Amino acid sequence: MHQEYTVIEGDFTNAGTASSSVKKTLKQLGVAPQIVKRVVVALYEAEVNAIAHAYGGKVLVDIEADKIHMVVADKGPGIPDIAQAMQEGYSTARPEVRDMGFGAGMGLPNMQKNVDVLNVTSEVGVGTTVEMIVNFV
Amino acid sequence: MFYHALEIDEGNCIGCSRCMKICPTEAIRISNGKAFIMEDRCIDCGKCHEACPVDAIFIKQDDFKMVHEFPHSVALLPAVFLGQFPDDIRVSRIYAALKDLGFKHVYEVESAAAIYADVKHKYAREHEDDEPLISSFCPAIVRLIQIKYPSLVGNIIPVKAPLDISAMYVLKLLTEERGVPREEIGLFYVTPCAAKIAAVKAPVGEKRSLIDGVINMDALFNKVYRRIKEQGKGYAYTALQTPQLSADAILSTLTNGERRICLAKRSYAIDGIQNVMDFLDKLENDEVEGVEFLELRACDQSCAGALLSCENRFLCGERMYARARKAAERERNGEVARAREMDAYRDYLIENSFAEPAQARSMLTLDKDLSRAYQKLEKINKLKMYLPQVDCGMCGAPTCEAFATDVVCKQVGLTRCVFYQRHLERLDDITRQECLAATRSVWGEDPIGDNEPPEVK
């Protein structure tokens with residue numbers, strides 16, 4: 001089952017569109033609530049990242065009977081040092097983004113905590129792709 | 001199955017579909033020209049009851065005659081009951097009428113508000129990890145969370161309602177202090193809404209309720225009001241103690257009533273079922289941080305706007321505020337004795353006020369088996385592409401998506417969709433008779449009778 005969403009730069013009002021829709025699908029499938037929550041939290045973080053840091057991007061979701069595969073690919077500045085970005089509290093968010101309550105430097109670490117597989121690939125000046133897998137059982 | 005207080009009178013139902021359109025959990029369908037409620041989805045919020053133009057949706061109650069079967073009948077009133085009456089009708093007259101109608105004792109359930117708050121605080125202190133804690137005060141909200149937000153059931157504070165605490169208190173008082181045998185006591189709850197009836201008849205997380213009967217607030221209001229009008233001026237009865245609730249207790253059933261006295265650093269009071277759902281959607285996504293307590297009520301203006309309220313919600317609410325202001329005045333003057341009368345049994349009541357936790361029972365899950373659910377969802381998604389997404393309701397389901405789900409999960413015929421019918425007609429795949437039969441299966445025979453339609457020029 002494939003779902004696609006477009007993320008627009010700076011459009012925080014629509015942060016959570018993809019995660020809400022995925023949440024509904026997982027509830028229909030009867031996936032355990034704790035797992036649904038992990039998926040939703042991770043995907044929401046990834047959506048916010050693409051909105052806050054990049055010039056927009058795409059969310060590609062593939063749901064199978066035993067797992068969910070999510071890719072959030074943005075066009076943006078990229079991450080020069082991924083290991084550093086994975087540390088809690090490390091943030092490059094602009095002040096105006098922080099004022100909105102985002103950019104506390106918990107994004108990637110929070111995704112890491114909630115998913116079974118996390119792959120972050122990035123090219124400076126081109127963009128970042130976050131790939132996440134959560135198993136249902 | 002789950003007990004529901006709301007029922008549809010098929011004789012009165014005109015199959016207009018207003019209830020189907022308004023139901024927040026999409027629990028209503030139209031078939032053969034009548035509405036019906038899907039029991040596993042209904043939360044007894046009563047939105048359908050409000051929307052029905054012909055009063056075909058009614059709220060089951062016990063026979064009022066039961067009140068006379070007990071030597072010691074007790075009316076357990078919600079505080080909003082007194083808020084129903086115009087200002088010129090004094091409480092003593094209302095109590096006189098209640099006495100004449102057969103109640104030997106009258107208590108307002110909010111007498112238990114202080115103990116109820118203490119029980120919640122105790123639970124909150126011991127369960128900081130489960131924050132945000134959600135009040136279980138409104139039974140429609142508890143049911144909503146059970147079926148639509150299963151991941152949040154663990155956040156519901158598992159305590160009994162003020163009603164149950166009052167019932168325990170009254171039983172203690174009458175049996176132990178006044179020596180009345182239990183079997184002579186009949187506890188009657190005067191309910192402002194359908195959800196509270198359902199909660200009494202089938203308590204979430206409790207085995208059995210102490211309540212012997214439920215009386216609808218609007219029915220009692222009519223009886224009392226009539227009695228007062230018949231008796232004229234000078235009608236009053238002073239042998240029954242009139243209530244003396246604390247200001248906090250009076251306000252507890254209104255919006256912010258619990259929140260204003262909760263100890264949480266950050267809390268929200270949200271009323272109106274759509275507002276509650278919008279908030280819970282965000283909460284479930286972890287988009288709301290640092291919330292410690294949530295007061296959620298299904299009705300706009302909480303119990304002042306309850307389904308069985310006969311008075312405008314704002315007029316009722318203001319009367320309760322006026323009463324609370326007077327009570328606050330008395331409290332400032334040091335008169336608190338009767339407002340804390342339950343404190344004599346405080347320890348016993350607190351100990352017995354915890355309930356079993358509510359369990360999730362998701363209405364959204366398509367199949368218990370994940371791979372079968374997956375197959376169904378694929379079919380539903382495919383079907384949705386063919387449906388017009390106008391949510392016209394002609395198929396007897398509230399939305400195209402709900403219809404697609406019914407087709408896949410309940411084997412409802414796809415030809416019920418009028419757009420799909422046109423599609424088949426275009427392909428010469430359906431006869432006019434078949435179209436008519438499909439539409440009649442939803443709306444019955446009447447709307448498309450066999451007579452000639454009127455000519456329109």
Side-chain angles (χ1 to χ4, degrees), chain A residues 1-4 12-48 51 59 61-69 98 100-104 106-107 109-111 113-115 134-137, chain B residues 25-26 41 130 132 145-156 266 277-291 357-385 399 401-402 404-406 408-409:
Chain A
M1 218 170 289
H2 184 74
Q3 298 176 355
E4 267 189 56
F12 288 97
T13 55
N14 280 315
T17 308
S19 44
S20 287
S21 164
V22 165
K23 176 171 76 176
K24 189 177 167 200
T25 303
L26 297 186
K27 279 185 181 180
Q28 284 177 301
L29 292 177
V31 174
Q34 302 82 345
I35 294 173
V36 177
K37 193 167 181 180
R38 283 170 48 206
V39 171
V40 169
V41 169
L43 185 54
Y44 180 68
E45 288 286 4
E47 276 184 85
V48 169
I51 293 167
V59 179
V61 179
D62 281 287
I63 300 170
E64 290 163 44
D66 58 347
K67 65 171 179 286
I68 179 165
H69 182 260
R98 285 173 182 258
M100 296 175 75
F102 299 100
M106 297 303 289
N110 209 10
M111 286 180 233
K113 243 184 285 176
N114 283 292
V115 300
V134 175
N135 297 316
F136 295 156
V137 273
Chain B
T25 57
E26 297 185 345
R41 288 176 158 237
D130 296 333
I145 292 172
Q146 285 183 293
I147 66 162
K148 222 175 164 209
Y149 302 94
S151 70
L152 297 173
V153 284
N155 300 76
I156 301 172
R266 192 187 292 178
M277 291 199 295
D278 290 346
F279 191 87
L280 291 180
D281 279 328
K282 280 182 98 61
L283 187 70
E284 225 188 8
N285 291 6
D286 253 12
E287 289 177 47
V288 195
E289 281 175 13
V291 194
Q359 299 297 323
R361 46 181 185 89
S362 177
M363 69 170 199
L364 295 167
T365 305
L366 298 168
D367 200 295
K368 279 194 198 107
D369 178 75
L370 210 138
S371 58
R372 271 204 298 272
Y374 189 83
Q375 288 163 8
K376 285 180 183 173
L377 190 55
E378 279 190 319
K379 279 187 202 162
I380 292 167
N381 287 342
K382 209 187 252 175
L383 208 50
K384 263 163 61 183
M385 311 236 290
T399 61
E401 183 168 2
T405 309
D406 287 355
V408 171
C409 297

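Since the model is a prediction, treat every value here as computed from it, not as a measurement. Order of the sequence lines fixes the chain letters, A, B, ..., with proteins taken first and strands second; residue numbering starts at 1 for each chain.
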Toward chain A, the part of B:K376 with a non-hydrogen atom under 4.5 Å:
neither
Determine whether a donor-acceptor pair (N or O, by modelled atom type, separation under 3.5 Å) exists between the side chain of B:T365 and the backbone of A:K27.
yes
Rounded to the nearest 0.5 Å, the CD1 atom of B:I380 sits from the OG1 atom of A:T25 at a distance of 10.5 Å
Below 4.5 Å from any heavy atom of chain A, which atoms of B:N285 appear? Answer side chain, backbone, both or neither.
both
Test item: B:Y374 side-chain N/O and A:I63 main-chain N/O as donor-acceptor pair under 3.5 Å
yes
Less than 4.0 angstrom from a charged side-chain N to a carboxylate O is my criterion; do B:E284 and A:K23 meet it?
yes
Bottom line for A:Q28: the part with an atom under 4.5 Å from chain B's heavy atoms is both
Distance col, row A:L29:CG vs B:S362:OG, nearest 0.5 angstrom, shows 10.5 Å
How long is the gap from CD on A:E64 to CG on B:L370, to the nearest 0.5 Å?
12.0 Å
